[in-house]
Amino acid sequence: MESQAKQQDAVTRSSLALLLDISRELAASLDLRTVLARVLLLSTVNVGAERGSLIVLNDKGQPVEAALAINGQVFHPTVEEMQSILERGLAGWVAQHRQPALIADTREDERWTRRPDDAAERTGSKSAVCVPLFSSGQLTGVLTLVHAQTGFFTSDHLTLLQGIADLAGIAVRNAHLYRSVQEAQRRYHELFEDSIDPILITDWEGRILEANRQAQVVTACPLETLLECSMHQLQSPQTPPLSQYFQALQEGQTVHYETELQRQGSSALPVEVYIRRVMIGESPMLQWILRDISERKQLDTLRDDLSAMIYHDLRSPLANIISSLDILQTLLPQEAAQTIQPVFDIAVRAAERLQRLISSLLDINRLEAGQPIINKRPVAPHVLVAEAVDATHTLAESKRQQLSVALEDDLPVISVDVDMIRRVLINLIENAIKYTPMQGAIEVGSRREGEMIRFWVRDNGPGIPQDALELIFEKFNRLQGERYPKGLGLGLAFCRLAVRAHGGKIWVESALGEGSNFIFILPLR
Ligand code: ADP
């Protein structure tokens, strides 16, 4: 009796010593395969099994890694093999029921599935023990041990194995998490390195800590040189200091601006810069993505050149045509004047329209570039309205539309670029004529409103849907449908730029099917 108790005591002590050894061994590595091999070898050796397997499961219960131990040698099966081990047989049963199993004779237990290489007549009956591994209540793996002798495993073995499994569950989970983190880091690094945009990581002073391949290509600097630079040195001297964006960056916003990248041995490269805060380990750093915009800049220059071409090559011959038509008219013999005059008028109006279109296109470029209005002069609002109506009434008559004027008496004089504001009014009237059906009514008016002068062009045409009231003032935005004949979609964009450049405001009030009222206000001073 006493000797039995002593024996039991020795077993308990050796089990404890074993568990302590195992926990030390498991803490020594975070590599999943190393951890698996250790758990498996320690278990097989200490429990006296000749074979064993350990399968690691992910959050979805799918096998992600496994180890097989046969006579002290460890092998790693493929994912398919792991899957088949888990789908059938003892390990699958344990994973599914989340409880241990002890099989005294594998021939007599239906949970044991015999594979072709495991025929009873070849390898004989065996005994097996299998336990689930848990970490924070989550199943992380299944550990199975096999012995060639039936009835080899006892409940003591099961208890010991469960103790090992409890320790191993956490170690396996940690190693699995560590592998996932490493994989995520590897993926991030690949993305970082392979990005077609230059990416740099800096501290909050702009000192470069990392730069991808493309950054080295674009700056024509090797990594060692970049790591000695700051972003301040790489960008054009006109670039605002980084400190200006600290608050936005700290709040997690992405800062974005255009600048030029200084390059060794070649010309500066126009780039768009995107900066945002990123956590590298525990420290907040800055990630800079640079985008090459040289092509866009070339297109901008091309557009400007094209505008200049329009200005010089189209505008001056057009002015010549108009003045020649003027001279021709004075030279017309009296008797021919009556028949030829209407044809003359058509030619003059067409040429003037073309001239207005060219001027507005050029103005769009200038105003977009932020150029101020320089040639302001005083003009009475009724003069502007009268001139605009004069330029458009023939067009209205051709559609048998009624073009009326509503002017308040004694309107004060305003100081504006007269040609530009006249073109705004003409644009609105021409739109009203274009979009209003035959025999429609159009009213052009002006009145004082406090310190502003209000102008309007009202029609009883098709109207504009509510959701398009703002959009139609954007460049190239046009309404679709039969009611809206084709146009460039630039007229209203020009009107808005011109009115805003004068410190005013433009908008439209409209109800579908009833008509539109385009209104703009200009400050008196
Ligand atoms: P365009 O007339 O060349 O298309 P605009 O910028 O002048 O370009 O006008 C933009 C769009 O706004 C037009 O295509 C049309 O759909 C709508 N629009 C402008 N004026 C009116 C109007 N008076 N009535 C109805 N729709 C209008």
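As the structure lists them, so they are numbered: ligands from 1, and atoms in each ligand from 1. Quick note: residue numbers are just sequence positions, from 1.
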Query raised in the report: Does Ser180 have any side-chain hydrogen bond (donor to acceptor under 3.5 Å, both in side chains) partners at least two apart in sequence or in another chain, and if so, which?
Result: none

Report task. Just jot down the ligand 1 atoms closer than 4.0 angstrom to any heavy atom of Leu492, in number order. Result -> 5 (P), 6 (O), 7 (O), 9 (O), 10 (C), 12 (O), 19 (C)

Query raised in the report: Can a non-hydrogen atom of Ser516 be found less than 4.0 Å from any atom of ligand 1?
Result: yes

Report task. State, without any angle test, whether Arg315 and Ser359 hold a side-chain donor-acceptor pair at a distance under 3.5 Å. Result -> yes

Report summary line: Counting heavy atoms under 4.0 Å, the part of Leu490 that contacts ligand 1 is backbone

Query raised in the report: N/O of Asn427 under 3.5 Å from N/O of ligand 1, yes or no?
Result: no

Query raised in the report: For Gln235, which residues count as a side-chain contact (heavy atoms from CB on, under 4.5 Å) partner, sequence neighbours excluded?
Result: Met231, Thr239, Tyr257, Thr259, Val273, Trp288

Query raised in the report: By number and element, which atoms of ligand 1 are closer than 4.0 Å to a non-hydrogen atom of Phe518?
Result: 19 (C), 20 (N), 21 (C), 22 (C), 23 (N)

Query raised in the report: Any chance the side chains of Ser415 and Arg377 put a donor and an acceptor closer than 3.5 Å?
Result: no

Query raised in the report: Quick one: do the Arg263 and Thr219 side chains pair a donor with an acceptor below 3.5 Å?
Result: no

